[in-house]
Every structure is written in C-alpha cells, then in structure tokens.
Q: 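Below you will find the structure I want to go over with you.
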Amino acid sequence: EPEILEDFNKLVQREDPDIITGYNIDGYDMPLLEERMKFNKVRFSIGRDYISPRRIMDQYWRLHGRVIDDTWWEVRKVLHPKHETLNYVSNMLLNEGKEDVNRLDIENEWKNRRDDVIKYCIKDARLALLIYRKIRILDRNLYLSTVSMLPLDDVTNGGTSTYVDSLLIRRADRENIGVPMSSSKFSNDTYAGGYVHTMDPGLYDMIVVLDFKSMYPSMIIKYNICFTTLSPEGTIVAPNGARFLDPGVKKGIIPDLLEQLMKNRDEVKKQMKEDKSNHDYLDGLQAAIKVLMNTFYGVLGTSFYRFTNREISSAITAYARNTITSIIADLDKSGNKVIYGDTDSIFIESGKKTLDEAIEYGNRLSSDISRKENLVLEFEKIMDPLFSHGAKKRYAGKIVYPPSSAGEILVRGYETRRTDSFDLQSEALSTVFDLILSRDVEGAKQYAEDLVKEVATGKIDTSKLVISRSVKNFSTYKNAGSMANVNAAKKLIDAGETFIPGMKVSWIVTDAGKTPQAVEPFIDGRKFTHTPDYVYYSKRLQETLNRVLESLDKEIAVFKNPQSKITDAFEEKPKKRDIEDFFK
DNA sequence: TGCGTCTGCTTACCT
DNA sequence: ACAGGTAAGCAGACGCAT
C-alpha cells in the first residue's frame, strides 16, 4: 500500500494538474487517501509545493497551487438534477453510464474480474471529468474570478459574500473607510421581500410581460442606498423610514460600485455585438457581472455577514415594492389589465388581436414607464395563451415573442419543474399543458381521465413512479421517523448503499395507507422487487391534473370527487355491509 | 372509532 | 452560510359525529 500511495503522489506531481476533480472526492477519495497516507506514514504530497491538502472548516480542501473541485457538488449547485448519482447524471449529459461492477461485493469482483474493476474505476474518474467539462464549471468560475478580482480557489470554494468582500473592501480601503472584521451579532429578525400579485385562474390571450432590468441594483443606485450614506440627516427617505444622504452630499460606495458594474456590463454587451470572434468570452463576462450585481442585495440581508444591515436591505425591498405596486395601480387606472407580477415583472393582458399590435403595445408601455420612472422596464416577451389555475409563482404559457423563442412552452413552478415529482406526474402534466395551450381543453380532459384510470390498475412502468428528495442529517429533524425521505434513506443505508447528508434519495411508495406511508428505496440499476401503491399514485396524479383542469371547467364530472371515483372505477366496491355480515 | 379540518414541518421552487 | 414569498404534501392534533 505505501508503494501505491507513493506512486499516486508521483503521478500527481508528474501530471501537474491545475484542477483535481472526481465524483464525491471531497467526502470520499480525499479523506480516504489522507487516512491511508497517515496510516502508512507516507506524506500526502500532491501540492505544487509538495505540501499536503488540508480540510478547511469541514467544507473544502485547500491545496497549494491546485484547486480541488468536486464534480458532484458542482452538479448539485448548477444542475439540480432529479437524481444525483454519477450514473444518472452521466447518462443525462453524455449518454454514457458507469461500468457494470457490483460495488457492494468489490472484494469478490476484484478476485474474479480484476480487469473489469480497473476499467470501472477509470470510467468513474473519466465520467466525472467529462461532466465537469460539459457543464463548463471552470469557465464560469474563471469569469467570476476575473470580474470579482479573486483567485480561482476563492471563487470555487468561497461563498458569495467573498465576491462582495473582494470588491467592497478593496474600494472602502481606497477611500479610507473602516470595515468591520466580521458580523458583530447574529441577526434573527426577518423583513419583507418582493411583492407578488395574485392571479385569477384562466386561459389568457396575448399576455405582454415587462421586466425591470436589475431591479434591486437599480434601487440601490437610484436611492443612493449604502452603509456609508445611511444617516438621520439623510433627505432620501425610504418607505421603511431609513434615511440616506443625497448623492450630491455623499455618494455611497455600494451604489457607485454597482453603477460602475452596470456600465461595464453594458459596455461588454456592446462589444459582444461588434466582436463576433470573442462572443462566448464576452458573454461569459457579462453574465458574471450580472451575478455579481445581484449578489450585493442578498448578502446585505443575511444574518451573519460583516455588511449585514436590515435597515438597508429592507429599504431596498420596500422601494422595489413601492415601485412595482404604484406602476400596477397606474396601469389599472389607465385601463390596462395587469393579471400578474412577481417582484420585478408585470404581466398585462394586451387585449390585442394581432401579434404586431401586441408588440407595439409592449414597446410603448416599456418606453413610457421607463421614461417616467427613470428606470429600465424591459419588454421581455409575449405569451399566447397563458394559463394559470389561480396560484402565485405557477403558470404555463406559449411564447410567441421574441421570435428567437417563439413556439416554446414556458412553465414555472408546476410539478413539471419540480425534481420531487415522479416522472409520470410531470410527463402527464406536460402533455396536459400542451393540449390546453393549443386550446384543446376537451382533449386534455379526456387524456387525463384515461391516464388516471389506467394508472390505478397498475399498467405503468415502475421507473415512472420514483420520487426523489434530499435528506439532511437525521438529527436536524423534529420527527425524522415520520418522513418518507428519511425512511427511504435509512433503508438505503441498511441495504449497504452510501448515504451522505444533503444528498437526494429515491423511493417508491408501497403503502400510503400506513402512517407514516410505507416506502422502499429505489436504487439505480437494481431491480425493484416491491409492489407500488398504484391507487396512491393514481390519486396524486389526479390531484395534479385536476387542479389544472378544474380551473378551466368546474363541471369535470369524473374529477369532481377524486376518492370515490377512483375506488368506484378501479377497485372492487367495498360491499355495503348488511345485517348478515355481523353474524358471520 | 372514523372522518374532516387545521397547523406545523419540510422541500423545492420563483424572482 | 446571498434574500423573502409561495405552493404543496404529509403527519399529527383536535373536534365532532357515530
């Protein structure tokens, strides 16, 4: 073993990589290597200066001259896949899966088919690297590194507050402004956020969507919001009562920084149009600047950051709420029909018959309001039709403008967007949306009815019933034993599989009648030997589809009373007990 | 004992 | 360790009727 470990050190030094990655190396390979090196008294010398990697705050690995970047964590952060296993993610992104070796019986596998095990290990490492490249993590981090003026290591491993620190402290230092070392106290009180307009159920025609460009950064700039301008003598009075100095008296460093970033971004976007050969690089830069700008508001609102200030963060959201609600009120007053809005967006029923008229309408509103408010309210898109069942943060629409995305179906919030719904549920809802948005409500009803019936009889592929959710450390739960995801994780561990707190766990419900409902873990690549509770799945499917269809037609007979209809149609009717039964 | 209703907990989503 | 607002599912408590 010492020899293998020495060879590993030499390999790293010989190949001299900038980045070291793998799937869950943070939690598995690195600790294991560290432990074996220690046991065998071999120095873990893979740094560029031959120093050993160090675990920092039980969070990441620091290695001089190289960055250790776990593909698993990056996949979770940027992809939010339904399942997090290497096999699932590589199949999804690369159409290529793991080698077939039984990891739980690795001793025998190594004895009997050594070459296959070697192939398996190499494949695992290669897949992780291919995924790492495919999702362009390095590009993204390098762009952020450039615009935040941070080393790659800090961008990869640090939080977003690191980015703001980098820009803000540099700037404060230059102007001789003192900066706190850390947050003096943990702030627990909450404050109000964005405004969300209620939406009535229905199918709407020609919906024009307007969007504020960088809403929160714009508020900060417009009202000179900063910890350097917050003062009782301030003449700019925010809706929450906070007072800020006029920029003529003193310009805040946060608004100044943001203004600069906004200008830089516009400049980069302009260059992008002129210089096609550098398009991808410039696009990466402008996207990184946007990320950076939006980070400022967030970190000001956290409970522990050095620049945390509730008066400031709530002033930002209060100004934003005031802005959007007063514009909505004005629009309503002038006869425009606002049907929805969330934080920085406004959905308006244009009432126009043709696309050209609707486009003209959108452009006019956008320029009128932008001029009046001294903000940029962009005309973003038109949807025709747009569907809502009457809930906030949930809608589905067919985009008809801009031409680049015309024809696209846009869904927000619904089960089709959620990683914890089973495939059958999302696929069926997606079909229903396709039909509804082609204005075929009758067809949608028929499809839904038939499918719900069929599922109750068990005529459905088991793989379409898998539910997946993340599971935290068991001790963080008030009542861990009553939760399906936790119970699935426990059974996963019993089956000898890996469970790491925070990861997603998959299961199938086998008996929803029990409390808590009985579940069996679904393990990728292994045959599922239990029987799903088809009636449970049928009911959930019905809830999902019914919620949508009912809002368009209150008289959907079969869907009116889910429970009884399901059992009536697909199960033996529970016999009415008559008097004889009591004597049996 | 059974059923409906409400509340709390939890996750994932939207902006 | 970036924010608050929101929908939805499940468990458990509670009250009411049987």
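Numbered from 1 within each chain, the chains take letters A, B, ... in sequence-line order.
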Q: Looking for any heavy atom pair under 4.0 Å, which part of the strands does Tyr536(A) touch: base, sugar-phosphate only, or nothing?
A: sugar-phosphate
Q: Kindly confirm or rule out a cation-pi arrangement of Lys472(A) over Tyr477(A), judged by NZ or CZ under 6.0 Å from the six-membered ring centre and within 45° of its axis?
A: yes
Q: Compare the minimum distances between each of dG12(C), dA12(B), dT10(B) and the side chain of Met483(A), then state the nucleotide with the smallest one.
A: dT10(B)
Q: Angle between ring planes, Tyr319(A) versus Tyr223(A), binned at 30° and 60°: parallel, tilted or perpendicular?
A: parallel
Q: Rounded to the Å, how far apart are Ile467(A) CD1 and dA8(C) C1'?
A: 13 Å
Q: Considering only side-chain heavy atoms of Tyr477(A), which listed nucleotide, dA7(C), dG9(C), dT10(B), is closest?
A: dT10(B)
Q: Phosphate oxygens OP1/OP2 of dT11(B): is one of them under 4.0 Å from a side-chain N or O of Lys472(A)?
A: yes
Q: Under 4.0 Å, counting only non-hydrogen atoms across every strand here, what does Tyr395(A) touch: a base, just sugar-phosphate, or nothing?
A: sugar-phosphate
Q: Look at the side chain of Lys504(A) and decide which nucleotide, out of dG5(C), dC2(C), dA12(B), has an atom nearest to it.
A: dA12(B)
Q: Quick one: Asn479(A) CG to dG9(C) C1', roughly how many Å, whole number?
A: 15 Å
Q: Under 4.0 Å, heavy atoms only, any strand: does His389(A) hit a base, just the sugar-phosphate, or nothing?
A: sugar-phosphate
Q: Could you tell me whether Met215(A) contacts a base, only the sugar-phosphate backbone, or nothing, with contacts defined as non-hydrogen atoms closer than 4.0 Å?
A: nothing
Q: Remember a base hit wins even if backbone is also touched, and classify Ser470(A) as base, sugar-phosphate or nothing at under 4.0 Å, heavy atoms.
A: sugar-phosphate
Q: Compare all side-chain heavy atoms of Arg469(A) with those of Val471(A) and state whether any distance is below 4.5 angstrom.
A: no
Q: Heavy atoms under 4.0 Å, any strand shown: does Gly298(A) hit a base, just sugar-phosphate, or nothing?
A: base
Q: At under 4.0 Å between heavy atoms, what does Glu415(A) touch on the DNA or RNA strands: base, sugar-phosphate, or nothing?
A: nothing
Q: Side chains of Tyr536(A) and Asp511(A): is there a donor and an acceptor less than 3.5 Å apart?
A: no
Q: Just checking Ala484(A): base, sugar-phosphate only, or nothing, at a heavy-atom cut-off of under 4.0 Å?
A: nothing
Q: Using a heavy-atom cut-off of 4.0 Å across all strands, would you classify Arg418(A) as base, sugar-phosphate, or nothing?
A: base
Q: Could you check whether Arg412(A) gets within reach of a base, just the sugar-phosphate, or nothing at all, counting any heavy atom under 4.0 Å?
A: sugar-phosphate
Q: Which one, dA8(C), dA12(B), dT15(B), comes nearest to the side chain of Asp344(A)?
A: dT15(B)
Q: Between atom CG in Leu300(A) and atom C1' in dA1(C), what is the gap in whole Å?
A: 15 Å
Q: Under 4.0 Å between a Lys/Arg side-chain N and an Asp/Glu carboxylate O for Asp384(A) and Lys398(A)?
A: no
Q: Ala391(A) has a side chain; which of dA11(C), dG5(C), dA7(C) sits nearest to it?
A: dA7(C)
Q: Students often get this wrong, so: under 4.0 angstrom with heavy atoms, is Tyr191(A) touching a base, only sugar-phosphate, or nothing?
A: sugar-phosphate
Q: dC14(B) phosphate, OP1 or OP2: any side-chain N/O from Thr343(A) under 4.0 angstrom?
A: no
Q: Whole angstroms only, please: what is the NZ-P distance between Lys392(A) and dA8(C)?
A: 13 Å
Q: What integer distance in Å separates Tyr305(A):OH from dA1(C):C1'?
A: 13 Å
Q: Side chain of Arg540(A): nearest nucleotide among dG9(C), dA12(B), dG4(C)?
A: dG9(C)
Q: Between Asp342(A) and Lys393(A), does any side-chain N to carboxylate O distance fall below 4.0 Å?
A: yes
Q: Would you please confirm or rule out a distance under 4.0 Å between OP1 or OP2 of dC2(C) and any side-chain N or O of Thr160(A)?
A: yes
Q: Is the distance from OP1 or OP2 of dG9(C) to the nearest side-chain N or O of Arg547(A) less than 4.0 Å?
A: yes
